[in-house]
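Residue numbers start at 1 and run along the sequence shown. All values below were derived from every heavy atom in this structure, side-chain atoms included, with hydrogens, water molecules and symmetry-related copies excluded.
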Amino acid sequence: MLNLIRSNLFRMVHTKSVIVVFALLMLMSFISGSLAADESWQMIEQIEESNRAEGGEIYNETKEEPGDFGIYSDTPLNSDGTLKDYVYIYSSDLSSGIVVLFILIGAVLFFRADEKNGFIKNIAGQTKHKYNILLSKLAVTGVYTFVCMFCYMVIGYIAFATGIILDGSISFGIEYLPEAIKVFALQYLLYMAFISGLLLVTEFTKSTSAGITIGLLETMGFGKLFVTITQKVFNTDFDISKYYISTNILKVNMDAQADVLKFALGIGIVYFILYNVLNVLWFSKKDIV
């Protein structure tokens, strides 16, 4: 198994498509951080001008209200109009579709690349159980996901801090680190569950495009359309989107209540186990050669 993991790690860092996707994610992180810094300046100026016009009244705190799952960047503020620490902004990006979208594209491309270039056929006879090949690729996908999430945080912080360095009001938020780690870990679990489902689609259909397309549609919020259809057809108010992985990704942030985090944890565990059990069963039966 360790040899398989090392082989797949080597293959991942030498897969051009994965490198390109990673580079684009880092570029997106830099752009997102820069735009957030620019928006922060504008918001601070508007708040100061509003306070002056209203006789110095304290600005009401801008709360992070979850919207639809999709690609966006948020800049949360404190009650006095100052910026919240960067971990809040990073948490907001994680709960949008911007990070998971790029990660899932790279993961799906990597997962299918060995079947296209013949790599998997060369090692199929060297492992006792075929599902070890799948598990090794899943382990490497987990490493890739972690690296992407961590590097996105670093690049985004550099861009954001550089954008408002003259003001000096930004800080990373070390005091919130325990809470931030919990959010990071929970989002990592949800990301891996989400990606595992798309990998199952990819393996079942033998199509890279199928996995990427479904992932793209879900990150853009098309899952809500299914909810609307089922509610109309069955004449019910039951909202199945509550059990979507994407919905729970959206709700996990620094200000989330404990019950929200616990529910998201349960969703992540159930889907991760379910998808990967199905992945193992399907991969064990499929004809590799």
Side-chain angles (χ1 to χ4, degrees), residues 8-39 68-75 86-113 137-163 172 180-181 183-199 201-202 208-209 211-222 245-246 248-250 252-254 268:
N8 279 300
L9 277 173
F10 178 85
R11 183 169 65 85
M12 171 166 276
V13 298
H14 288 83
T15 301
K16 293 181 180 179
S17 57
V18 175
I19 296 174
V20 170
V21 172
F22 179 80
L24 288 175
L25 177 60
M26 295 305 102
L27 176 61
M28 185 63 67
S29 174
F30 187 84
I31 293 174
S32 177
S34 300
L35 290 176
D38 180 66
E39 182 181 354
D68 289 333
F69 189 67
I71 300 175
Y72 62 86
S73 180
D74 191 18
T75 306
Y86 176 74
V87 290
Y88 281 86
I89 297 170
Y90 175 61
S91 170
S92 177
D93 273 2
L94 285 184
S95 63
S96 74
I98 189 172
V99 183
V100 70
L101 174 60
F102 281 91
I103 293 177
L104 71 87
I105 291 174
V108 171
L109 290 174
F110 162 73
F111 229 76
R112 284 283 295 164
K137 291 197 291 183
L138 183 65
V140 173
T141 301
V143 173
Y144 161 75
T145 301
F146 180 87
V147 170
C148 285
M149 293 174 69
F150 182 78
C151 290
Y152 185 94
M153 175 185 65
V154 173
I155 298 298
Y157 177 65
I158 291 174
F160 190 81
T162 302
F172 183 81
I181 291 175
V183 170
F184 182 94
L186 185 48
Q187 289 286 25
Y188 177 77
L189 172 63
L190 292 169
Y191 277 29
M192 286 301 297
F194 188 67
I195 292 170
S196 295
L198 297 177
L199 296 180
V201 172
T202 301
T208 302
S209 300
I212 293 177
T213 300
I214 292 175
L216 177 61
L217 291 175
E218 182 58 24
T219 56
M220 297 300 292
F222 274 76
I245 297 176
S246 57
N248 286 273
I249 289 176
L250 171 67
V252 173
N253 54 57
M254 293 290 289

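- Using a distance-only test at 3.5 Å, with no hydrogens or angles considered, no donor-acceptor pair links the side chain of Ser91 to the main chain of Val87.
- Here the closest non-hydrogen pair linking Val13 and Phe10 is CG2-O, 3.2 Å.
- Taking all atoms of both residues into account, the shortest heavy-atom contact from Ile103 to Tyr144 is O-CE2, 3.2 Å.
- If you take CD1 on Ile195 and CG on Leu190, they are separated by 11.0 Å, rounding to the nearest 0.5 Å.
- Minimum interatomic distance between Ser92 and Ser95 (heavy atoms only, all atoms of both residues): O-OG, 2.9 Å.
- Judged purely by atom type and a 3.5 angstrom limit, Tyr86 uses its side chain to pair as donor or acceptor with the backbone of Met153.
- Judged purely by atom type and a 3.5 angstrom limit, Thr141 uses its side chain to pair as donor or acceptor with the backbone of Lys137.
- A donor-acceptor pair under 3.5 Å links the side-chain atoms of Ser29 to the main chain of Gly156, judged by distance alone.
- When all heavy atoms are compared, the tightest approach of Gln187 to Val252 is NE2-O, 3.1 Å.
- Scanning all heavy atoms of the two residues, the minimum distance from Gly268 to Ala193 falls at O-CB, 3.7 Å.
- Ring centroid separation for the pair Phe150 and Tyr188 does not come in under the 6.0 Å cut-off.
- Between the side chain of Ser17 and the main chain of Leu109, no donor-acceptor pair closer than 3.5 Å is present.
- One N or O on the side chain of Tyr191 and one on the backbone of Leu94 form a donor-acceptor pair closer than 3.5 Å.
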